[in-house]
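Take a look at the structure set out below.
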Amino acid sequence: MEKVRVRFAPSPTGPLHIGGVRTALFNYLFARRNGGDFLLRIEDTDRTRYVSGAEQYIIDALQWCGLTPDEGPGFGGNCGPYRQSDRQQIYRQYAMQLLASGWAYYAFDTPDALDALRKAADADRRVFSYDAATRTQLQNSLTLPPDVVQCRIDSGEPWVIRFRMPENTDVTGHDMIRGNVTFNTAQLDDKVLFKSDGMPTYHLANVVDDHLMHITHVIRGEEWLSSMPLHILLYEALGWADSRPQFAHLPLILKPSGQGKLSKRDGDKFGFPVFPLLWTDPADGTLSRGYREDGYFPEAVVNMLALLGWNAGTDQEIFSMDELIASFSFERVVKSGARFDPEKTKWFNHQYMLRRDDAALGHLLRIQLQSRNLDDSDARLTRIAGLVKDRCTFPADLWTHSFYFYEAPAEYDMPALRKKWDDNTHHRLSEITQMLEQPAEWNYAAIKNRFSDFMNARGWNFGQVMVPIRVALVGSSQGLDLFLILELLGQEETVVRMRRFLDVVNP
């Protein structure tokens, strides 16, 4: 059986959208599931749209997601170069082969002339297409004498090579997700394959590279489905029909509303990232948010993306990479678009927060402390992070839910305090503070037992003092179990905060 080889082939025209990351992920899962190879190929034939830094961004994004290529720019491999601009000399011979076999032809129509034809068609409420119906009236090697064609080429006149689409022919291809799909060539135009500047277009370069790199399965977005008949015909025209790869066209990722394809504007409008990493536009310095910088774990992003258009046929939602690889198949990839849910993405991140090792979360908390010129022991950081992680969605939330262990409250939640304050509260808190100040064992159980004995001996109700004590220590009525807060603050800090509170507060 032929070894599975797949490729992810983005264009470096800007940051990698999460739709592209999902395409890379499905390629990666399929390759790993079948013991195959995952290639990265940079398709940069359109130099007018090339954006500096975009290629490195693509590589960094894939590696952050754990989708490291087996072959590609910077990764080695026996089928390189893996950047199409470095393969420029390869494509011409195949364009010439198509010309010689009659599958392609030279065209000399200028952009202005074609634009005039489009405008004329628009005026007549028609759509102009360079195809079998119009090519016999245009400036190309099908209508011009061979000597005239050669003369125009020799004179340096710009030209393109177009594919000669067969007339009124059904082209059927099998899609691993959609089954057999049939197109009629009457609805297809004669695509440009090669330009006089020596650069191929996407269609020719794509097919040639897939063949030369021994790609067995082409897994790409639904938007490329309409290109499948041209690519099938190119394989036939080049004599490679028997080695043609299988196709799978993935469903679109839809806006949160479910209407239309997810775009960068949706992220800007609704406040969520659509790119894996922060992107700085080299043209104007505009920043676009990234999942990494927003505090998402790569495992959570991968897990979320895997379930956009695929399911394992079970109720399981949390998958490790190994579990995704073991479960993945195209039989369970859906045809219809998958709606993106920003809140569900946060849910995934929370789940991975809960599963994170407490020591690893303690390290993340340490980073946040250090940014504030604070520090703590490993043991205490690990314990605090473990106690608050169920309240956290992002690493930054670790600080949000534990800051009071490192900073005494600068102000107090007076509305919450007033609800539990009466004429005797100040006196009760003063006596409690004196009790807490006495030398004694200081751990959760000991503090709780001592506190309970103290309250019961006086016949005081816990509900009368718990909120005021919490506000005194934390600044608000929020936070962990009160006795955990007391233990972790330590006896000295607890008493200092209680005394300061009693000095400044008497609502």
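Here the structure is a predicted model, which means the values were calculated and not measured.
Looking at Lys419 and Ser477, their side chains never come closer than 4.5 Å, going by heavy atoms from C-beta outward. Here the side chains of Phe247 and Val181 are not in contact, with every heavy-atom distance at 4.5 Å or above. Between Val218 and Asn206, every side-chain heavy-atom pair lies at or beyond the 4.5 Å cut-off. Annotation: side chain of Tyr130 is in contact with side chain of Arg162 (closest heavy-atom distance under 4.5 Å). Within the 4.5 Å cutoff, side-chain heavy atoms of Leu308 are placed close to those of Met304. Between Tyr296 and Pro276 the shortest side-chain heavy-atom distance does not fall below 4.5 Å. Leu230 places a side-chain heavy atom less than 4.5 Å from the side chain of Met165. Side-chain contact between Tyr352 and Ile318 is present, with heavy atoms from C-beta onward closer than 4.5 Å.
To the nearest 0.5 Å, atoms CG (Asn168) and OG1 (Thr185) are separated by 6.0 Å. Taking CG of Asp481 as the start and CG of Leu488 as the end, the distance is 10.5 Å to the nearest 0.5 Å. If you take CG on Leu234 and OG on Ser227, they are separated by 10.5 Å, rounding to the nearest 0.5 Å. For the atom pair CG of Leu29 and CG of Leu67, the computed distance is 7.5 Å after rounding to the nearest 0.5 Å. Note that the NZ atom of Lys195 and the CD1 atom of Ile161 stand 12.0 Å from one another [nearest 0.5 Å]. Going from atom CG of Leu252 over to atom CG of Leu262 covers 10.5 Å, rounded to the nearest 0.5 Å.
The environment of Asn78 atom CG is sparse: at most 12 non-hydrogen atoms of other residues, nucleotides or ligands sit within 6.0 angstrom. More than 12 heavy atoms of other residues, nucleotides or ligands shown are found within 6.0 angstrom of NZ on Lys255. Sparse packing is recorded around NE2 of His363, with 12 or fewer heavy atoms of other residues, nucleotides or ligands lying under 6.0 Å away. Within 6.0 Å of CZ on Arg380 lie more than 12 heavy atoms contributed by other residues, nucleotides or ligands. Heavy atoms from other residues, nucleotides or ligands lying under 6.0 Å from CZ of Arg47 number more than 12. Shown here is Asp242, whose CG atom has no more than 12 heavy atoms of other residues, nucleotides or ligands within 6.0 Å.
Here the shortest heavy-atom pairing between Leu484 and Leu387 reads CD1-CD2, 3.9 Å. Between Asp189 and Asp131, the closest heavy-atom pair is CA-CB, 4.0 Å. Residue Ala312 comes nearest to Phe319 through the heavy atom pair CB-CZ, 3.7 Å, listed as atom of the first residue, atom of the second, then distance. Nearest approach of Leu250 to Arg22, heavy atoms of both residues: CB-NH2, 3.6 Å. Residues Tyr105 and Asp190 come closest through the heavy atom pair OH-OD2, 2.6 Å. Taking every heavy atom of both residues into account, Leu324 and Ala306 meet most closely at CD2-CB, 3.7 Å.
Within the 3.5 Å criterion, the main-chain N or O of Gly36 finds no donor-acceptor partner in the side chain of Lys3. Tyr57 contributes no side-chain N or O that, together with a main-chain N or O of Gly14, makes up a donor-acceptor pair within less than 3.5 Å. In this structure, the side chain of His401 does not engage the main chain of Val388 through any donor-acceptor pair within 3.5 Å. For the pair His350 (side chain) and Cys392 (backbone), a donor-acceptor distance under 3.5 Å is present. The backbone N or O of Leu98 sits less than 3.5 Å from a side-chain atom of Ser101, completing a donor-acceptor pair. Using a distance-only test at 3.5 Å, with no hydrogens or angles considered, no donor-acceptor pair links the side chain of Asp413 to the main chain of Gly475. Distance alone, capped at 3.5 Å, places no donor-acceptor pair between the Arg118 side chain and the Phe128 backbone. With hydrogens and angles ignored, the 3.5 Å screen pairs no side-chain donor or acceptor of Lys448 with any backbone N or O of Phe483. Not a single donor-acceptor pair under 3.5 Å links the side chain of Asp44 to the backbone N or O of Arg83. Between the side chain of Thr134 and the backbone N or O of Ser129, at least one donor-acceptor pair lies under 3.5 Å.
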For a side-chain contact (heavy atoms from CB on, under 4.5 Å) check, start with the C-alpha distance between Phe275 and Lys264, then their side-chain angles and the critical distance, and finish with the verdict. CA-CA 8 Å; Phe275 302 122; Lys264 177 183 180 299; 3.9 Å; yes
Let's go through Gln97 and Trp103 carefully: what are the C-alpha distance in whole Å and the side-chain angles of both, what is the deciding distance for side-chain contact (heavy atoms from CB on, under 4.5 Å) to 0.1 Å, and is it a yes or a no? CA-CA 9 Å; Gln97 179 181 330; Trp103 278 97; over 6 Å; no
Evaluation steps, side-chain contact (heavy atoms from CB on, under 4.5 Å), between Glu407 and Trp399: CA-CA 11 Å; Glu407 293 181 349; Trp399 170 258; 3.7 Å; yes
Report the C-alpha separation of Arg366 and Asp375 in whole Å, then their side-chain angles, then the decisive distance to 0.1 Å, and conclude whether the salt bridge (charged side-chain N to carboxylate O under 4.0 Å, His left out) test is met. CA-CA 7 Å; Arg366 180 186 296 282; Asp375 205 354; 2.4 Å; yes
Using the side-chain contact (heavy atoms from CB on, under 4.5 Å) rule, take Trp64 and Val21 through it: C-alpha gap first, then chi angles, then the decisive distance, then the call. CA-CA 11 Å; Trp64 180 71; Val21 178; over 6 Å; no
Trace of the salt bridge (charged side-chain N to carboxylate O under 4.0 Å, His left out) decision for Arg178 with Glu222: CA-CA 10 Å; Arg178 302 158 201 281; Glu222 180 183 319; 3.5 Å; yes
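Ring-centre distance between Phe26 and Phe328: below the 6.0 Å cut-off. Side-chain rings of Phe340 and Phe272 approach one another, their centers coming within less than 6.0 Å.
Judged by distance alone, the side chains of Tyr82 and Glu71 do bring a donor and an acceptor atom under 3.5 Å apart. Between the side chains of Thr286 and Asp284, a donor-acceptor pair is found at a separation under 3.5 Å. With no hydrogens or angles considered, no side-chain donor-acceptor pair links Arg372 and Gln368 at under 3.5 Å. Side chain to side chain, Asp209 and Tyr91 meet the donor-acceptor criterion of an N or O pair below 3.5 Å. Asp170 and Thr182 share no donor-acceptor pair across their side chains, judged by distance under 3.5 Å alone. Under 3.5 Å, the side chains of Glu331 and Ser329 contain a donor-acceptor pair of N or O atoms.
Residues Asp358 and Arg383 are not paired through a salt bridge, judged by the lack of any N-O separation under 4.0 Å between the basic side chain and the carboxylate. Under 4.0 Å is where a charged nitrogen must lie from a carboxylate oxygen, and between Glu299 and Arg356 at least one such pair does. A salt bridge links Arg32 with Asp70; the closest basic N to acidic carboxylate O contact falls under 4.0 Å.
Among the candidates His217, His231, Arg41, the single residue satisfying the side-chain hydrogen bond (donor to acceptor under 3.5 Å, both in side chains) test with Asp210 is Arg41.
Tyr28 and Phe38 have perpendicular rings, their planes meeting at more than 60° on a 0 to 90° scale where under 30° would count as parallel.
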